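As the structure lists them, so they are numbered: ligands from 1, and atoms in each ligand from 1. Small disclaimer: the values here were computed from a predicted structure and weren't measured.
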Amino acid sequence: MQGKQQYLETLHTAYGQYFEIDSMLYEQKTPQWHLSIFENRQMGRVMALNGVIQTTERDEFVYHEMLTHVPILAHGAARKVLIIGGGDGGMLREVVKHQDIDTITMVEIDGAVVDMCKQYLPQHSAGAFDDPRVNLVIADGLAFVRDCQDKFDVIISDCTDPVGPGEVLFSSEFYAGCKRCLSEKGIFVAQNGVPFMQLDEVQDTVRRMSTYVKDCWFYQTAVPTYVGGSMVFAWATDDVHARQLPLALLQERFQRAAIATRYYTPALHQASFALPAYVEQAVASAMTVAR
Ligand code: SAM
């Protein structure tokens, strides 16, 4: 039997992962990307942009739960949330679970990603785009925060790696814009890569972000298809206590939120801010340069 076609991820040059393609569901050039969505019997349906795996049905819940419930429950009184990127809708699905949130603005640069993920990855958004609190804006995230006069309690940058249109979402100008759009105790979080493979991206974020906020740190979780070990999320806020809340308070807020999760727990939330020594050292050395 002829071997199955394989999808080779090209994020890293000398190391990577492949997926057997059981069936290619969609492969097109969209306004911003080369978008592929295919079936893989191990990971379910997989979506990739320009050769880089973005999300899979099997492990997306880890990433989407940790990038939403950690900042929202740490904040404790979030009413307005901004998502930058997030075209597959998984982030939105988790944010709309929080009934106390009044408005959710999502700024995605490529409407085709939203449309195709609604069609081929329906469980990602699970109807979240129809929530009356959601305002979907098809635009560049940098341009949006540059012109935005609104304030948000939580800003989530669910971006690609710093490639193509995603590059600006790791720029000092973007971080300055997000800080300006944060309310007083607002929290900014962003996907910031796998430090074992992309430690320079962590240091770049520290150098660019730490001048705008009182607390610039990271928290971690392991998402199987983001290869190379645990990934980190950037954490930026002027509320220096927000990442050191007692477990009992996180448990109480989680209970009150009454949301179902498959990965997030208050204990994991609290533990996720503990980083490996080599990451702490990289953050510290970048911080000295920044200050
Ligand atoms: N979970 C993925 C990861 O960690 O790499 C990210 C998933 S999500 C598909 C990334 C989204 O960011 C894509 O839909 C992409 O179109 C969007 N995006 C990239 N650059 C953008 C920009 N400058 N403004 C708004 N959205 C952007």
Is any N or O atom of Asp161, backbone or side chain, closer than 3.5 Å to an N or O atom of ligand 1?
no
Name the closest protein heavy atom to atom 3 (C) of ligand 1, giving the residue it belongs to and the distance to 0.1 Å.
Cys159 O, 3.5 Å
Ring-face cation contact, Tyr175 with Arg208, 6.0 Å cut, 45° max:
no
Look at atom 24 (N) of ligand 1 and say which protein heavy atom is nearest, naming residue and atom and giving the distance to 0.1 Å.
Gly141 N, 2.8 Å
Quick one: does Leu142 get a heavy atom under 4.0 Å from ligand 1?
no
Contact between Tyr226 and ligand 1, counting heavy atoms under 4.0 Å?
yes
I need the contact type for Val113 against ligand 1. Using non-hydrogen atoms and a strict under-4.0 Å cut-off, is it side chain, backbone, both or neither?
side chain
Which ligand 1 atoms are under 4.0 Å away from a heavy-atom of Gly87?
14 (O)
Once you round to the nearest 0.5 Å, how far does CZ of Arg58 lie from CD of Gln42?
6.0 Å
Mind checking whether Met47 has a heavy atom under 4.0 Å from ligand 1?
yes
Counting only heavy atoms closer than 4.0 Å, does ligand 1 sit against the backbone of Val52, its side chain, both, or neither?
neither
Using atom types as modelled, flag every donor-acceptor pair under 3.5 Å from a side chain in residues 155-170 to any protein atom, sequence neighbours excluded.
from, atom 1, to, atom 2, distance (Å)
Asp158, OD1, Tyr63, OH, 2.5
Asp161, OD1, Gln198, NE2, 3.0

Could you tell me the residue and atom name of the protein heavy atom closest to atom 23 (N) of ligand 1, and the distance to it rounded to 0.1 Å?
Asp140 OD1, 2.8 Å
Examine Pro165 against ligand 1 and note whether any of their N/O atoms are separated by less than 3.5 Å.
yes
Do Phe273 and Met66 sit in the same hydrophobic cluster, where Ile, Leu, Val, Met, Phe, Trp and Tyr count as joined when their side-chain heavy atoms come under 4.5 Å apart?
yes
Considering the heavy atoms of Ala139, write down every atom of ligand 1 situated less than 4.0 Å from one of them.
24 (N), 25 (C)
Any ion pair linking Asp204 and Arg207 (charged N to carboxylate O, less than 4.0 Å)?
yes
Tell me whether Arg262 contacts the main-chain N or O of Phe61 through its side chain, where contact means a donor paired with an acceptor under 3.5 Å.
no
When you measure from atom 4 (O) of ligand 1 to every protein heavy atom, which one gives the shortest distance, and what is it?
Tyr63 OH, 3.4 Å
of all protein heavy atoms, closest to atom 21 (C) of ligand 1 is Leu169 CD1, 3.6 Å
Judged by atom type as modelled, is there a donor-acceptor pair below 3.5 Å linking the side chain of Asp131 to the main-chain atoms of Val96?
no
Qualifying residue, where the test is side chain to side chain donor-acceptor pair (under 3.5 Å) with Arg93 and the options are His124, Glu60, Gln123:
Glu60
Could you establish whether Asp158 and ligand 1 come within less than 4.0 Å of each other, counting only heavy atoms on the residue side?
yes
the protein heavy atom lying closest to atom 26 (N) of ligand 1 turns out to be Ile109 N, 3.2 Å
How are the rings of Phe233 and Tyr219 set to each other: parallel, tilted or perpendicular (split at 30° and 60°)?
tilted
Of the protein's non-hydrogen atoms, which lies at the shortest distance from atom 19 (C) of ligand 1, and what is that distance?
Trp33 CZ2, 3.6 Å
For ligand 1, which part of Gln32 has a heavy atom less than 4.0 Å away: the side chain, the backbone, both, or neither?
neither
With a cut-off of 4.0 Å, which atoms of ligand 1 are near a heavy atom of Val168?
23 (N)
Which of the numbered atoms in ligand 1 are below 4.0 angstrom from a heavy atom of Val107?
25 (C), 26 (N)
among protein heavy atoms, the one nearest atom 16 (O) of ligand 1 is Glu108 OE2, 2.6 Å
Check each atom of ligand 1 against the heavy atoms of Asp88 and keep those under 4.0 Å away; list them by number with element.
7 (C), 8 (S), 9 (C)
Name the orientation class of the two ring planes belonging to Phe144 and Phe152 (parallel below 30°, tilted from 30 to 60°, perpendicular beyond 60°).
tilted
Main-chain N/O of Gly87 paired to Glu108 side chain as donor or acceptor, under 3.5 Å
yes
Going by the angle between their ring planes, with limits at 30° and 60°, are His69 and His98 parallel, tilted or perpendicular?
tilted
Please determine if Met231 has a nitrogen or oxygen closer than 3.5 Å to a nitrogen or oxygen of ligand 1.
no
Relative to ligand 1, is Gln191 under 4.0 angstrom through side chain, backbone, both or neither, heavy atoms considered?
side chain
Quick check on salt bridge (charged side-chain N to carboxylate O under 4.0 Å, His left out): which of Asp239, Asp238, Asp153, Asp215 does Lys185 satisfy it with?
Asp239
Asp110 versus ligand 1: do any nitrogen or oxygen atoms come within less than 3.5 Å of each other?
no
Taking a hydrophobic cluster as the set of Ile, Leu, Val, Met, Phe, Trp and Tyr residues connected by side-chain heavy atoms closer than 4.5 Å, whether directly or through intermediates, do Val52 and Ile109 fall within one such cluster?
no
Is the backbone N or O of Gly186 less than 3.5 Å from a side-chain atom of Thr237, with the two atoms forming a donor-acceptor pair by type?
yes
